[in-house]
Amino acid sequence: MKIATWNINGVKARIDNLVHWLNDSQPDIACLQEIKTVDEGFPRAEIEALGYHVETHGQKGFNGVAILSKLRFDEVNRGLPGDDEDEQARFIEGVFSTPHGALRVVSLYLPNGNPITEDRKYGYKLRWMDRLHRWAQERLELEEALILAGDYNVIPQPIDARRPEDWVNDALFQPETRGALRKLEYLGFTEAIRAVTDAGDTFTFWDYQAGAWQKNNGIRIDHLLMSPEAANRFEAASIEKHVRAWEKPSDHVPAVAILQ
DNA sequence: ATGGTCGGCTACCGA
């Protein structure tokens, strides 16, 4: 069972890349972020033609998440609970039946949070992380295989940046931000990429600007958090870095976990 | 070196 997460930075601009990648990589479940379209604008037919079920939680112009799955959805939930005023489309959950039992998968797009001086940005990010913590605590009580996959907009440690000194004033690398991710993980999650290497140079994002890709000036901000029951089924993880070198790439690349 | 590049959408915002 191959589960991938990929911030595609606009599904309409990335449809050729997305189709190519699905054919090439053959994920069973793909979590997408920043689809940047309303649900009606998602190129559903092209994806369904490849044998995927499609569930989206879209928004006009920015944000928006989706789950593509070769397995039928038993259940779908849209939006992170905990704030009825929050209109931003950043969270979708799908539940699947597998030979090894239920599998619950979330595609999340955690707020960027910059600049850190603005409460509507950085405060929103920290409050969103607190809501995610509360939601995850509740879900873990089910004792199911659960994967929280997505663009967390969090650099967990200095080795997760080529140039950590560039990020000291950035919302992605604040002590409070990193502490909130650590607190979430300490509920009992195992991050798939970190589980296979702690050697660094496992970046998932390279900025379009200033030749970041050419200089390998990247960061690791796309993560797959596995519940104990999912971690028990964990076999392998990888980053599909070659996708960043394609024509008209997203600034993120897919990160993948293989479960039994 | 205080720049630079994208996507979505039409005057800028978000990243």
Side-chain angles (χ1 to χ4, degrees), chain A residues 5-21 31-44 46-47 56-66 80 85-91 107-129 132 149-156 160-174 176-178 180-181 203-223 241-255:
Chain A
T5 180
W6 189 19
N7 179 324
I8 54 171
N9 189 21
V11 70
K12 293 172 191 169
R14 215 69 62 210
I15 184 60
D16 291 349
N17 272 9
L18 178 58
V19 167
H20 185 202
W21 172 70
C31 300
L32 304 180
Q33 300 87 37
E34 282 204 272
I35 61 174
K36 294 188 174 183
T37 176
V38 293
D39 295 335
E40 299 72 37
F42 194 92
R44 168 179 290 277
E46 288 94 319
I47 306 304
T56 61
H57 184 36
Q59 182 176 349
K60 186 180 178 181
F62 60 112
N63 300 327
V65 288
L80 178 62
E85 309 290 300
D86 186 1
E87 304 282 338
Q88 300 192 32
R90 298 179 172 277
F91 184 99
S107 176
L108 68 89
Y109 177 46
L110 209 144
N112 174 291
N114 281 302
I116 56 176
T117 49
E118 282 188 38
D119 180 70
R120 60 178 278 269
K121 292 296 193 174
Y122 193 52
Y124 174 62
K125 177 178 193 143
L126 292 178
R127 289 190 289 275
W128 205 95
M129 294 185 84
L132 181 61
D151 177 0
Y152 280 72
N153 271 312
V154 180
I155 303 166
D160 296 310
R162 178 76 171 77
R163 294 175 51 86
E165 64 273 23
D166 286 356
W167 299 92
V168 289
N169 294 315
D170 197 286
L172 281 60
F173 197 51
Q174 292 307 292
E176 295 90 336
T177 307
R178 295 166 55 194
L181 178 62
F203 307 136
T204 62
F205 169 92
W206 296 261
D207 202 290
Y208 289 123
Q209 299 185 63
W213 167 245
Q214 288 74 13
K215 296 176 196 164
N216 193 30
N217 183 10
I219 52 177
R220 189 172 72 93
I221 56 175
D222 299 273
H223 310 302
K241 186 176 178 178
H242 63 284
V243 173
R244 187 64 176 77
W246 287 356
E247 287 274 314
K248 214 169 178 278
S250 169
D251 40 8
H252 296 248
V253 297

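Just so you know, these numbers use all the heavy atoms, side chains as well, and skip hydrogens, waters and symmetry mates. In what follows, chains are A, B, ... by sequence order, proteins preceding strands, each numbered from 1. Owing to the predicted nature of the structure, the values given are computational and were not obtained by experimental measurement.
Here Phe205(A) lies out of heavy-atom contact (under 4.0 Å) with every strand. Arg244(A) comes within 4.0 angstrom of nothing in the nucleic acid, heavy atoms only.
Here the closest heavy-atom approach between residue Arg120(A) and residue Tyr124(A) is recorded as O-CB, 3.4 Å. Between Tyr122(A) and Ala171(A), the shortest heavy-atom contact is CD1-CB, 3.7 Å. In terms of heavy atoms, Gly58(A) sits closest to Ala89(A) at O-CB, 3.7 Å.
No hydrogens or angles considered: a donor-acceptor pair under 3.5 Å links the side chains of Asn216(A) and Trp206(A).
When the nucleotides dA15(B), dG8(B), dG4(B) are ranked by their closest atom to the side chain of Lys12(A), dG8(B) comes out on top. Picking from dG7(B), dT10(B), dA15(B) the nucleotide with the shortest atom distance to the side chain of Asn9(A) gives dG7(B). Here dG14(B) is the nucleotide among dT5(B), dG14(B), dT10(B) with the atom lying nearest to any side-chain atom of Lys121(A). Of the candidate nucleotides dT5(B), dA15(B), dC9(B), dT5(B) has the atom nearest to the side chain of Tyr208(A). Distance from the side chain of Arg14(A) is smallest for dG7(B) among the nucleotides dG14(B), dT5(B), dG7(B). You'll find that the side chain of Ala13(A) is closest to dG8(B), out of dG8(B), dG4(B), dA15(B). Closest to the side chain of Lys36(A), out of dT5(B), dG14(B), dC9(B), is dG14(B).
Comparing Asn63(A) and Thr37(A) against DNA chain B, the residue whose closest nucleotide sits nearer the 5' end is Thr37(A). Nearer to the 5' terminus of DNA chain B, by closest-nucleotide assignment, is the contact made by Gln209(A) (compared with the other of Gln209(A) and Arg90(A)).
If you measure from atom CH2 of Trp213(A) to atom C1' of dG4(B), you get 18 Å, rounded to the nearest angstrom. Across the protein-nucleic acid pair, Gln88(A) atom CD and dG14(B) atom P stand 9 Å apart, rounded to whole Å. Whole-Å rounding puts the Phe62(A) CZ to dC12(B) P distance at 17 Å. The distance between atom CD of Gln33(A) and atom C1' of dG7(B), rounded to the nearest whole Å, is 16 Å. Regarding Asp251(A), its CG atom lies at a distance of 11 Å from the C1' atom of dG14(B), rounded to whole Å. Here dG14(B) presents its C1' atom at 16 Å from CD1 of Ile35(A), a figure rounded to the nearest Å. Rounded to an integer number of Å, the gap from Asn7(A) CG to dA15(B) P is 11 Å. If you measure from atom CD1 of Ile8(A) to atom C1' of dA15(B), you get 15 Å, rounded to the nearest angstrom.
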Chi angles and distances behind the side chain to side chain donor-acceptor pair (under 3.5 Å) call for Asp170(A), Asn114(A): CA-CA 7 Å; Asp170(A) 197 286; Asn114(A) 281 302; 2.9 Å; yes
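Within the 4.0 Å cut-off from OP1 or OP2 of dC6(B), not a single side-chain nitrogen or oxygen of Lys248(A) is found. An OP1 or OP2 oxygen of dC13(B) is reached within less than 4.0 angstrom by no side-chain nitrogen or oxygen of Arg120(A).
A salt bridge links Arg127(A) to Asp119(A): at least one charged side-chain nitrogen sits closer than 4.0 Å to a carboxylate oxygen.
With C1' as the reference atom, dT10(B) and dG14(B) are 16 Å apart, rounded to whole Å. The gap from the P atom of dA1(B) to that of dG7(B) amounts to 30 Å, rounded to the nearest Å. To the nearest whole angstrom, the two P atoms, one in dC13(B) and one in dC9(B), are 16 Å apart.
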